[in-house]
Amino acid sequence: MPIHPRESDPAVPDPADPAPEGAVRPPRGDLPRSSPPTGPGPDTDEEPGPDAAGGPVPSKDEHTVELKELEDRWRRALADLDNLRKRHTRELERERTSERSRTAAAFLPVLDNLELALTHAGSDPGAIVEGVRAVRDQGMNVLELLGYPRHAETGVAFDPARHEVVGVVQDPDAPPGTVVEVLRPGYGDGERQLRPAAVTVAKRE
């Protein structure tokens with residue numbers, strides 16, 4: 001029995017035949033279908049999240065821990081500053097006490113000599129004058145060693161930084177504006193001055 005070739009149905013297109021120009025070929029089951037892009041790209045309107053470029057965002061707990069650390073450091077700095085202030089106050093007070101003790105100890109020999117002069121005043125009244133003069137010189141020496149020299153010069157030009165005018169006198173032998181008499185000696189110079197000398201000054205013509 002002869003086998004006749006099967007006639008193709010003109011209504012069903014052959015997949016092997018090329019599609020006519022302008023015609024749309026139906027999808028084939030053996031070809032994968034493309035899926036739309038999901039990630040960010042130039043054709044999408046989505047913007048990258050904060051984790052894309054800047055790294056992970058710190059959580060609220062991390063901020064709290066950092067804040068507590070800064071607060072602890074701040075409190076430690078305040079405590080150190082307060083301890084430093086107290087230590088400085090103690091050292092300053094200790095230095096003041098030591099300086100007062102050294103100054104008072106320097107005048108002890110002066111008091112000893114005064115008591116000695118008073119003890120011998122009854123037996124030899126004339127010796128009391130020499131004793132008092134020696135005590136005065138010793139006291140002046142102590143002040144000079146402490147940085148407060150005595151000033152009782154006459155005939156020098158008046159200096160408002162070292163002299164205090166208590167009177168103006170007419171003295172033809174003294175140049176005008178010079179110290180004629182020292183009524184109370186001064187001690188010290190400049191910023192280390194205990195007191196100025198009280199003087200009378202020659203009158204200017």
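Please read all numbers here as calculations on a predicted model, not as lab measurements.
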Taking [Y]'s backbone N and O only, do any of them form a donor-acceptor pair with [X]'s side chain (distance below 3.5 Å, no angle check)?
X: Ser98; Y: Arg94; answer: no
X: Thr200; Y: Glu181; answer: yes
X: Asn83; Y: Ala79; answer: yes
X: His163; Y: Asp159; answer: yes

Under a side-chain separation threshold of 4.5 Å, the hydrophobic residues clustered together with Val165 are Val156, Phe158, Val168, Val179, Val182, Val199, Val201
Same apolar cluster (I L V M F W Y, side chains within < 4.5 Å links), Val132/Met140: no
Within 45° of the ring axis of Tyr148 and under 6.0 Å from its six-membered ring centre, is that where the NZ or CZ of Arg192 lies? yes
Could you tell me whether Asp72 and Arg75 have a side-chain N and a carboxylate O separated by less than 4.0 Å? no
So, for Arg162 and His151, which heavy atoms are closest and what is the spacing to 0.1 Å? NH2-ND1, 2.8 Å
Shortest non-hydrogen separation from Ala174 to Ala202 and the atoms involved: CB-CB, 4.0 Å
The complete set of side chain to side chain donor-acceptor pair (under 3.5 Å) pairs with one or both residues in residues 131-142, sequence neighbours excluded, reads Asn113-Gln138, Glu130-Arg133
Measure the shortest side-chain to side-chain distance between Glu99 and Thr103 over non-hydrogen atoms and say whether it is less than 4.5 angstrom. yes
State, with a plain yes or no, whether a side-chain heavy atom of Asp189 is found less than 4.5 Å away from one of Pro149. yes
What pairs with Arg184 under side-chain hydrogen bond (donor to acceptor under 3.5 Å, both in side chains), at least two apart in sequence or on another chain? Glu164
Tell me if the CZ atom of Arg100 is crowded by more than 12 foreign heavy atoms within 6.0 Å. yes
Does atom CZ of Arg102 have more than 12 heavy-atom neighbours from other groups under 6.0 Å away? yes
Run Tyr187 and Arg195 through side chain to side chain contact (heavy atoms under 4.5 Å, CB included) and show every step you take. CA-CA 6 Å; Tyr187 294 91; Arg195 71 180 185 189; 3.8 Å; yes
